[in-house]
Amino acid sequence: MGARKRLKAEQRKEENKSIAFASLKNSPIAPRKMRLVADLIRGVEVNKALNILQHNPKEASKSLSTLLRSAIANWEVKNEDKSLEDEELIVKTIEVSQAGMLKRIQPRAQGRAARIRKRSNHVRIVVDGVKN
C-alpha cells in the first residue's frame, strides 16, 4: 500500500470512529414501502425516531426499529467513554436499496400467465452525535 493511500485510509478510519452503523440484508418488504417509513426518521434524534417507529402501523417500522436499536448499541460499544444520555444522537443517514427479487407465476385467464415480482431490500442506517 502506498503512503497516500495509507494516510487516506487512516484519515477515513479516524472520521468513522464516532459514527456507528447497522445494516439489514434481504428484508422481504418492497423497497418502496420501506422508504416511506425510512423518510420519517431521516435526520431525527434517535429517541424521537424510536417513538415514531413504535406508533407507525406499517410493517416496515418493526424491522427499522430493531435496526435502529442495533445501531444505537453499536454506537455505545464504539464510544465507551461517552454516555448515551449526554450525547444527542441523530439518524445521520438511512439508505434503502433494492435486493434480489423472487419471480413467481400467477395463472391468468385463457391459459395465460402473469409474472409476480416479490421484491426485497437492503437497509443501512448510520447514527452519529450532533456536532456543536
Side-chain angles (χ1 to χ4, degrees):
M1 181 185 301
R4 282 185 302 198
K5 192 172 183 181
R6 187 179 66 250
L7 290 174
K8 194 72 167 170
E10 288 172 359
Q11 180 186 2
R12 192 168 43 247
K13 195 177 203 182
E14 192 66 34
E15 289 171 359
N16 289 339
K17 275 192 177 179
S18 66
I19 67 168
F21 69 94
S23 59
L24 174 67
K25 301 286 185 181
N26 294 319
S27 175
I29 300 169
R32 188 172 176 180
K33 293 178 181 180
M34 185 69 89
R35 282 188 196 107
L36 288 172
V37 181
D39 290 341
L40 294 174
I41 64 169
R42 186 175 287 120
V44 177
E45 198 266 327
V46 291
N47 290 325
K48 187 175 178 185
L50 285 171
N51 197 20
I52 290 169
L53 292 173
Q54 183 181 0
H55 292 94
N56 194 333
K58 295 192 178 288
E59 188 68 29
S61 62
K62 293 183 182 90
S63 56
L64 279 180
S65 176
T66 306
L67 185 64
L68 181 56
R69 289 175 202 276
S70 176
I72 293 168
N74 291 344
W75 185 88
E76 288 176 340
V77 168
K78 265 190 165 180
N79 301 293
E80 292 176 350
D81 55 332
K82 298 178 184 174
S83 172
L84 186 62
E85 290 79 26
D86 297 339
E87 290 287 321
E88 187 178 341
L89 289 181
I90 61 166
V91 179
K92 190 172 182 182
T93 61
I94 181 166
E95 302 164 359
V96 180
S97 58
Q98 185 171 341
M101 253 187 282
L102 295 175
K103 294 174 179 144
R104 300 290 181 256
I105 299 297
Q106 175 82 33
R108 306 306 288 179
Q110 299 181 355
R112 293 184 175 93
R115 178 165 282 176
I116 303 294
R117 291 181 297 276
K118 298 189 175 191
R119 300 170 192 270
S120 58
N121 66 57
H122 301 312
V123 184
R124 186 173 192 269
I125 188 167
V126 176
V127 174
D128 193 8
V130 176
K131 304 283 192 250
N132 292 338

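Clustering of Ile, Leu, Val, Met, Phe, Trp and Tyr by side-chain heavy atoms under 4.5 Å joins Ile116 with none of the others.
Taking 4.5 Å as the limit, every side-chain heavy atom of Glu14 sits out of range of all side-chain heavy atoms of Gln11. Side-chain contact between His122 and Asn26: present, with at least one pair of heavy atoms (C-beta onward) separated by less than 4.5 Å. The shortest distance between side-chain heavy atoms of Ser63 and Met34 falls below 4.5 Å. Residues Gln54 and Asn51 have side chains in contact (heavy-atom distance under 4.5 Å, counting atoms from C-beta outward).
One finds the CD1 atom of Ile125 at 10.5 Å from the CD atom of Glu95 (value rounded to the nearest 0.5 Å). Taking NZ of Lys118 as the reference point, atom CE of Met101 lies at 13.5 Å (rounded to 0.5 Å). Going from atom CG of Leu40 over to atom NZ of Lys48 covers 11.0 Å, rounded to the nearest 0.5 Å. In this structure, NZ in Lys58 is found 10.5 Å from CD1 in Ile29, a value given to the nearest 0.5 Å. Taking NZ of Lys13 as the start and CD of Glu15 as the end, the distance is 13.5 Å to the nearest 0.5 Å. The CG atom of Leu67 sits 10.0 Å away from the CG atom of Leu53 when rounded to the nearest 0.5 Å.
When all heavy atoms are compared, the tightest approach of Gln98 to Arg35 is N-NH2, 4.4 Å. Nearest heavy-atom pair across Ala22 and Ser70 is CB-OG, 3.8 Å. Annotation for Ala113 and Ile105: closest pair CB-CG2, 3.6 Å, computed over non-hydrogen atoms. Of all heavy-atom pairs between Asn74 and Phe21, the closest is ND2-O, 2.9 Å. In terms of heavy-atom proximity, Ser61 sits nearest to Asn56 at OG-O, 3.1 Å. Considering every non-hydrogen atom in both Trp75 and Ser83, the closest pair reads CH2-O, 4.2 Å.
Both Ile52 and Leu64 are part of a single hydrophobic cluster, where members link through side-chain heavy atoms under 4.5 Å apart. Val46 and Leu24 fall within a single hydrophobic cluster, where Ile, Leu, Val, Met, Phe, Trp and Tyr side chains are chained together by heavy-atom contacts under 4.5 Å. Note on Leu50: it does not cluster hydrophobically with Val126, by side-chain heavy-atom contacts below 4.5 Å among ILVMFWY residues. In the hydrophobic clustering of ILVMFWY residues, with side-chain heavy atoms under 4.5 Å counting as a link, Leu84 and Val91 come out together.
Checking side-chain atoms of Ser27 against main-chain N and O of Asn121 turns up no donor-acceptor pair under 3.5 Å.
Within a 6.0 Å sphere centred on NZ of Lys33, other residues, nucleotides and ligands contribute 12 heavy atoms or fewer. Around CD of Glu80, the count of heavy atoms belonging to other residues, nucleotides or ligands within 6.0 Å does not exceed 12.
Of the candidates Leu68, Ile19, Ile94, Val127 forms a side-chain contact (heavy atoms from CB on, under 4.5 Å) with just one, namely Leu68.
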